[in-house]
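Single-structure report; data block below.
To find a chain, count down the sequence lines: A is the first, B the second, and so on, and within it residues start at 1.
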Protein chains: 2
Amino acid sequence: MLQLKDLPDAKVLRKFAERYEDMDSRSVTHFLNILRIGTELAESLDRFLAKHGLLQGRWWVLILLMREDDLTSTPSELAEKAGVSRATMSGLINGLLRDGLVARKEDNEDRRSYSIRLTAAGQDKLDEVMPDYYPRVKKMMNAIPVQQREDLLKQLILLKEQSKVFD
Amino acid sequence: MLQLKDLPDAKVLRKFAERYEDMDSRSVTHFLNILRIGTELAESLDRFLAKHGLLQGRWWVLILLMREDDLTSTPSELAEKAGVSRATMSGLINGLLRDGLVARKEDNEDRRSYSIRLTAAGQDKLDEVMPDYYPRVKKMMNAIPVQQREDLLKQLILLKEQSKVFD
DNA sequence: TCATTGTAGTTAGCTGGCTAACTATTGTCA
DNA sequence: TGACAATAGTTAGCCAGCTAACTACAATGA
């Protein structure tokens with residue numbers, strides 16, 4: 001996603017407001033700032049995961065597998081839970097297979113299907129990443145008192161519900 | 001970016017908290033929700049732009065060009081302002097050139113460089129998109145009173161400053 | 001001046017998103 | 001039962017991000 005490094009200054013806002021009458025400088029500025037900060041948080045997380053040789057997609061697949069009691073799921077279920085297409089999940093699983101972090105076994109009951117299992121190496125990887133990840137998240141979120149965090153989230157949820165205005 | 005459709009429930013949080021002692025369920029849940037909503041807002045914008053045959057990257061380049069008094073910039077400047085690598089900007093400009101939304105001219109003073117200019121077709125595209133975009137942004141942001149928006153932004157900026165915990 | 005360093009832009013190859021089209025298999029129901 | 005519909009997964013080809021390596025040119029300074 002774009003980083004929108006260079007947000008519009010007053011002069012630019014005037015220029016655009018002149019040509020496009022319905023523009024509301026304040027709401028545009030707020031919206032762009034919110035988008036930008038969201039992107040920046042996601043990028044921080046990515047850079048952190050990259051230090052452990054992972055990126056968001058693969059990391060999330062490992063977590064989804066660890067959630068299961070038998071450490072096992074199917075590509076379709078994983079795609080559904082991660083919110084990506086089955087094609088994308090194919091690619092993610094292939095990468096994890098190459099790195100030996102998951103294993104694939106044929107399903108005897110449904111021959112179209114496979115079961116994907118977190119390997120010992122995959123669990124090791126999580127055991128390396130998560131004890132590094134959790135304290136950092138805690139530290140970051142502690143910058144905001146809990147009540148204000150709840151408010152923040154409430155406002156964001158409001159915005160998200162409004163995002164249907166773009167449909 | 002991941003959509004994180006399936007956020008952890010109480011049982012999963014317990015399982016992870018057991019294995020990883022430093023885990024703070026509340027901060028993890030807050031963090032993941034903020035990330036997810038950021039992603040969803042960006043996706044809404046992308047879907048909107050796609051209806052006009054654009055995506056965030058190309059749309060942003062057109063806007064950066066329109067900001068300039070002579071509607072002209074260079075690939076390097078555009079990359080810098082958009083916050084992407086020069087390689088990525090090469091790709092974006094190529095796409096826009098193919099569609100005729102920008103034009104390229106050699107720089108007589110520095111023969112390594114090109115100037116990229118918004119064409120009439122590019123301006124037309126913006127004149128089609130922006131009057132559709134601005135009222136929607138306004139409508140969306142109006143869901144939150146201005147004071148609360150300012151608070152929201154203040155909290156997000158705090159979080160962003162804290163995101164260095166991932167370094 | 002000319003060798004070195006720096007800068008502008010592109011290319012190749014990787015990741016990870018998507019849709020559309022495909023194969024293989026399973027399920028349904030006339 | 002057998003045709004059709006639905007589902008699981010993959011592949012191909014697109015977009016857009018990255019780094020590293022490259023070409024071409026500009027700028028610097030011994």
Side-chain angles (χ1 to χ4, degrees), chain A residues 1-5 39-40 42-47 49-62 72-99 101-102 104-116, chain B residues 1-5 39-40 42-47 49-62 72-99 101-102 104-116:
Chain A
M1 203 203 314
L2 270 188
Q3 286 191 48
L4 315 171
K5 276 265 167 62
T39 305
E40 283 169 348
E43 280 171 355
S44 292
L45 177 59
D46 265 338
R47 279 194 302 276
L49 292 172
K51 285 194 293 186
H52 294 284
L54 288 174
L55 281 173
Q56 274 189 61
R58 294 187 187 182
W59 174 65
W60 201 248
V61 172
L62 296 181
T72 293
S73 186
T74 65
S76 285
E77 269 178 33
L78 291 170
E80 171 71 21
K81 290 180 177 174
V84 300
S85 66
R86 284 173 302 150
T88 297
M89 187 51 67
S90 259
L92 291 173
I93 288 172
N94 273 332
L96 290 166
L97 282 169
R98 262 201 312 277
D99 294 350
L101 303 178
V102 306
R104 178 160 75 172
K105 201 168 69 79
E106 285 173 19
D107 184 328
N108 293 322
E109 271 145 44
D110 185 341
R111 289 174 52 205
R112 293 167 302 179
S113 189
Y114 296 94
S115 71
I116 305 295
Chain B
M1 204 205 312
L2 270 189
Q3 285 191 49
L4 315 169
K5 274 266 166 59
T39 305
E40 284 169 348
E43 280 171 354
S44 292
L45 176 59
D46 265 339
R47 280 194 302 275
L49 292 173
K51 287 194 293 185
H52 293 285
L54 288 173
L55 282 173
Q56 273 189 64
R58 294 186 187 183
W59 174 66
W60 201 247
V61 172
L62 296 182
T72 294
S73 187
T74 65
S76 285
E77 269 180 33
L78 291 169
E80 172 69 21
K81 290 181 176 173
V84 300
S85 66
R86 285 173 302 151
T88 296
M89 187 50 66
S90 260
L92 291 174
I93 288 172
N94 272 332
L96 290 167
L97 281 170
R98 261 201 312 278
D99 294 352
L101 303 179
V102 306
R104 179 160 75 171
K105 201 167 71 74
E106 286 174 17
D107 184 328
N108 293 322
E109 270 144 44
D110 186 340
R111 290 175 51 204
R112 292 168 304 180
S113 189
Y114 296 94
S115 70
I116 305 296

Considering heavy-atom distances to DNA chain D, does B/Met89 or B/Arg86 have its closest nucleotide positioned more toward the 5' end?
B/Met89
What contact category does A/Ser113 fall into here, base, sugar-phosphate, or nothing, at under 4.0 angstrom with non-hydrogen atoms?
sugar-phosphate
Remember a base hit wins even if backbone is also touched, and classify B/Arg47 as base, sugar-phosphate or nothing at under 4.0 Å, heavy atoms.
nothing
base_contact_polar (C/dT25 base, A/Arg111 side chain, donor-acceptor, <3.5 Å):
no
Heavy-atom closest pair (A/Ala82 atom, A/Met89 atom, distance to 0.1 Å) is CB-CE, 3.9 Å
Once you apply a heavy-atom cut-off of 4.0 Å, does A/Ser85 come out as touching a base, just sugar-phosphate, or nothing?
base
Using 0.5 Å steps for rounding, measure from the CG atom of A/Asp46 to the OG1 atom of A/Thr39.
11.0 Å
Assign B/Glu77 to base, sugar-phosphate, or nothing according to its heavy-atom contacts below 4.0 angstrom with the strands shown.
nothing
Rounded distance (Å) that lies between atom P of C/dG9 and atom CD1 of B/Ile116
8 Å
Heavy atoms of A/Arg86 and A/Ser76 approach each other most closely as CD-OG, 3.7 Å
Between CD of A/Glu43 and C1' of C/dT15 the distance, given in whole Å, is 15 Å
Which comes earlier along DNA chain C counting from the 5' end, the contact point of B/Asp110 or that of B/Ala87, where each point is its nearest nucleotide?
B/Asp110
Between P of C/dG16 and CG of A/Leu97, the distance in whole Å:
13 Å
Side chains of A/Leu54 and A/Leu101: does their closest heavy-atom pair fall under 4.5 Å?
yes
Please pick, from D/dA16, C/dC18, C/dG9, the nucleotide with the shortest atom-to-atom distance to any side-chain atom of B/Leu92.
D/dA16
If you take all heavy atoms of A/Val102 and A/Ile93, which pair is closest and at what distance?
CG2-O, 4.3 Å
At their closest point, which heavy atom of B/Ser85 faces which heavy atom of B/Ala79, and how far apart are they?
O-CB, 3.9 Å
Protein-nucleotide distance (A/Glu106, atom CD; C/dA24, atom C1'), rounded to Å
12 Å
With a non-hydrogen cut-off below 4.0 angstrom, is A/Asp107 in contact with a base, only sugar-phosphate, or nothing?
nothing
Side-chain N or O of A/Arg98 less than 4.0 angstrom from OP1 or OP2 on C/dT15?
yes
Interatomic distance where NZ belongs to A/Lys81 and P belongs to D/dA8 [whole Å]:
14 Å
Which listed nucleotide (C/dC18, D/dT10, C/dA8) is nearest to the side chain of A/Thr88?
C/dC18
Ranking D/dA26, D/dA8, C/dG9 by distance to the side chain of B/Arg112, first place goes to D/dA26
Quick one: B/Asp99 CG to D/dC15 C1', roughly how many Å, whole number?
12 Å
Under 4.0 Å between any heavy atoms, over every strand shown, what does A/Glu109 touch: base, sugar-phosphate, or nothing? Just pick one.
sugar-phosphate
Under 4.0 Å, heavy atoms only, any strand: does A/Ser76 hit a base, just the sugar-phosphate, or nothing?
sugar-phosphate
Mind calculating the distance between CG (A/Asn108) and C1' (C/dT25) to the nearest angstrom?
14 Å
Expressed as a whole number of angstroms, how long is the span from B/Leu45:CG to D/dA16:P?
13 Å
Any A/Ser90 side-chain nitrogen or oxygen under 4.0 Å from OP1 or OP2 of D/dT10:
yes
